[in-house]
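Order of the sequence lines sets the chain letters (A, B, ...), proteins ahead of strands, with each chain counted from 1.
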2 protein chains.
Amino acid sequence: MAKRVTILDVAAEAGVSRQTVTRAMNDMGDISDATRRKVLAAAERLGYRPSRFARNLVTRQKTHALGLVVASFRNPYFTELAGDLVEAAAERGWQVVMASSGTEAEAINLLSNQVDVVIGHFTGPDEELLAVAKGLPVVRLETPSALPGVHSVEIDLRSGVVEAIRTLRERGARRFGMVDSSYSEEIGGVYGPSPRRGWFEEEVGDQLTAVVRGEESISGGGRAFARLMERHPDTDAVLMFNDLMALGAVQSAHALGIDVPGSVRIVGVDGLALGEAVDPPLTSIAMDRKGLTAHTLDIVEALAAADFARLDSINRVVASKMLWRQSA
Amino acid sequence: MAKRVTILDVAAEAGVSRQTVTRAMNDMGDISDATRRKVLAAAERLGYRPSRFARNLVTRQKTHALGLVVASFRNPYFTELAGDLVEAAAERGWQVVMASSGTEAEAINLLSNQVDVVIGHFTGPDEELLAVAKGLPVVRLETPSALPGVHSVEIDLRSGVVEAIRTLRERGARRFGMVDSSYSEEIGGVYGPSPRRGWFEEEVGDQLTAVVRGEESISGGGRAFARLMERHPDTDAVLMFNDLMALGAVQSAHALGIDVPGSVRIVGVDGLALGEAVDPPLTSIAMDRKGLTAHTLDIVEALAAADFARLDSINRVVASKMLWRQSA
DNA sequence: CTGTTAGCGCATTCAA
DNA sequence: TTGAATGCGCTAACAG
């Protein structure tokens, strides 16, 4: 690769000092129109591009960047989250860098010298995050953090699960089933059943028919739902692990000739806008995503104000609330 | 804001030289375990975070970043595109920074000192892009570019539109309608009807019933579709501007008791994975998104190899091909 | 194993 | 209106 064209090359080419080049490149005034043109022409001739690193270094980093780690772009939850975050971040003058490849550790590593802080629905323990982040502050979504340097916005899904089941009962449901994610199995079974499954079983009590596990995708959700209904045809309400899988359940019910919500009520989790697009529109335990992004950015700004030093854990909580559409 | 903690502060605190601090922070070897601990402790005590700009400056920028400008995160097309791009980019060692706020010019401006090149479905002319990008290379998606410094990956949608209509005819369709995007009206009517509308009308000929315009959203598509069918109930095939709007059309047809594809065949554009989630699954003119991202990254790497100098336009073309699902 | 010397490429003082 | 010095914070190359 050829040696980089620097401001000095342009200065030489134009026969002026480097200052004059800076002035011309940044529309700074205090420069005659003639020299500006001359400099700009020289810059273009040489194909000059100012180094963004040198510039940011000397201007004392006025623009910050946060890294968002997502498990998969195939799940609209993450893309909707990313959208919200990018928009909210832009309003506060932050840029968002995305990463999704491989493991959490790899993603964080990739991000580590591009951003000031990393954010994500991390599954690993705080210690592990701290180790891979090497001092880079971390904000974990969904689950609370404890160690300094790791902060969190917890999502209170439990109250949503409880509310969902109680209301389903009021609407006549008596036989509850659930489709959990098989994710934990895939990664070696380190993680047990999802917390939401625990809350579900606790609240449902002896009205439980069964919990089956499915892959986190539309079709995976559909297959798991079909399996559940085959084994327990008397099930009249199903909690799906998330909206993505619930979409598959609605589709699957249709294919099996099962009436929704007449025979079975279906509830998802996440509150995706996408749930509107299916028929019947999906009822969901929605997390307050506006609040989620707002709290996240609050934390991130607090970290920025402290120059990204390792602060004691900042923890926030956002609520979940039922989004009753037509599937339940 | 307090003065930033630098490597020198840590060196002083630990009683070593700055180089030793570097070695400790970067696991570099050639350092005793004792001093490493000492340095790390000092760094933590002071809350030291290496400046990513200074580091990248001196290491000669080995990692690049590209900026992706999207019109809206509400349209799954962009989120699916973003997902593809982030994954493909990661494989080649690139980071992706996203922006969506406000106008194209604003988004490019925000990105300008964070990335090495910007990419997006830009609607403005090359001249305008060049002006706002200030020398930052631009890759425009969908439409071809001509000026040096602006490159492109064109999407050949025309052949897809033609193929769609011909096959629809083979399947018995005789009365064609279309729902176009109202976007161009909203921004002052500077842009005429969409090119895909032109190709549609040309191919359909006198079998056209009507073209109506709708807002680019699920509900907007649904309303426009309903309007079209109300005015021209004999329409038996409809091309929707994109899949997002087509989703609304399928939903609307269902609500109106119109059988799809029995009474009306519905075709979208984009080939979203999401089209699988509705009933009936959406037929679509799919662009080759794998090819799109691959070509884009090829261009981007060519630009990097030239140190992001202003190269003559690089233009690539990707095909579109029909994705026959059940709605048509 | 540790410290010293040199830049990386730019913008912000100051002088002229 | 222009130019000369200075430093942002870090790592690479060399020294010891």
Gap between atoms CG and C1', on B:L57 and D:dT11 respectively (whole Å): 10 Å

Beyond-backbone contact of A:T79 with B:F73, side-chain heavy atoms, under 4.5 angstrom: no

Contact list for residues 291-301 of chain A, test salt bridge (charged side-chain N to carboxylate O under 4.0 Å, His left out), sequence neighbours left out: A:R92-A:D298, A:R92-A:E301, A:D298-A:R316

Distance below 4.0 Å between B:T59 side-chain N/O and C:dC8 OP1 or OP2: no

Option from A:I119, A:V139, A:V97 for which side-chain contact (heavy atoms from CB on, under 4.5 Å) with A:L68 holds: A:I119

Atom-pair distance (CZ on B:R55; C1' on D:dA12), nearest Å: 14 Å

Pairs satisfying salt bridge (charged side-chain N to carboxylate O under 4.0 Å, His left out), at least one member in residues 146-156 of chain B, at least two apart: none

Rounded distance (Å) that lies between atom P of C:dA11 and atom CG of A:N56: 10 Å

For atom NZ of A:K38 and atom P of D:dT2, their distance in whole Å: 8 Å

A:M25 CE - C:dG9 C1' separation (whole Å): 13 Å

salt_bridge(B:R289, B:D270) N-O dist < 4.0 Å: no

Spacing of A:I31 atom CD1 relative to C:dA11 atom C1', expressed in whole Å: 14 Å

Nearest-angstrom distance from the residue atom CG of B:L8 to P of D:dG7: 13 Å

C:dT2 phosphate, OP1 or OP2, under 4.0 Å from B:S32 side-chain N/O: yes

Sugar-phosphate only, base, or nothing, as touched by B:T20 at under 4.0 Å among non-hydrogen atoms: sugar-phosphate

Donor-acceptor pair between B:T296 and B:T293 side chains, under 3.5 angstrom: no

salt_bridge(B:K38, B:D33) N-O dist < 4.0 Å: no

Phosphate contact (D:dT11 OP1 or OP2) by B:N26 side-chain N/O below 4.0 Å: yes

Sugar-phosphate, base or nothing in reach of B:I7, heavy atoms under 4.0 Å: base

Phosphate-side-chain proximity, B:S17 and C:dG3, N/O vs OP1/OP2 below 4.0 Å: yes

Under 3.5 Å, which N/O atoms of the protein pair with N/O atoms of nucleotides 13-16 of chain D?
none

Atom-to-atom span, CZ of A:R37 to P of D:dT2 - whole angstrom: 13 Å

Below 4.0 Å: OP1/OP2 of D:dT1 and any side-chain N or O of A:T35: no

